[in-house]
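On a predicted model such as this, the values are computed, not experimentally measured, just so you know. Note: hydrogens, waters and symmetry copies are ignored here, and every other heavy atom, side chains too, is used.
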Amino acid sequence: MGSHTRAEAPLAAAASATYALMQIPTGYFSDRFGPKRVFLTGYLGSSVMTILFAQLPSLALLTLNQAVAGVFRAFVFAPGMLLMSALFP
């Protein structure tokens, strides 16, 4: 792609910002729909975003991809902790 490190910094920022912002809503969704369903949604969504990342042609699309991936990663973390605590009391 030929971009510089400074131009690529928004990729990490977009993923981290959406991940952090979605922590509380993810807890709500886990309580409402169940942790397994939310975890699976996050897992599949994150996998799809990872596959698409390799095929996107511009930095703007890559940044948008990482913002959406951050949401899906948040859907994996909180329900995953809840599921693990049920397996290992």
- How would you list, by chain and number, every residue that makes a side-chain contact (heavy atoms from CB on, under 4.5 Å) with T18, sequence neighbours excluded? A67, V71
- If you look at every heavy atom in P79 and T26, which pair is closest and at what distance? CD-CG2, 3.7 Å
- Assess whether atom CD1 of I24 is packed by more than 12 heavy atoms of other residues, nucleotides or ligands within 6.0 Å. no
- Query: side-chain contact (heavy atoms from CB on, under 4.5 Å) between L11 and L59: does it pass, once the steps are laid out?
  - Reply: CA-CA 8 Å; L11 292 174; L59 186 60; 4.2 Å; yes
- Message: Does anything in residues 59-89 form a ring pair (Phe, Tyr, Trp, His ring centres under 6.0 Å)? List the pairs, not counting sequence neighbours.
- Response: F29-F75
Could you list the donor-acceptor pairs under 3.5 angstrom formed by side chains in residues 35-56, with sequence neighbours left out?
residue	atom	partner	partner atom	Å
T41	OG1	R37	O	2.9
S47	OG	Y43	O	2.9
T50	OG1	S46	O	2.8

- Message: Donor-acceptor check, side chain of S85 to backbone of L82, threshold 3.5 angstrom: yes or no?
- Response: yes
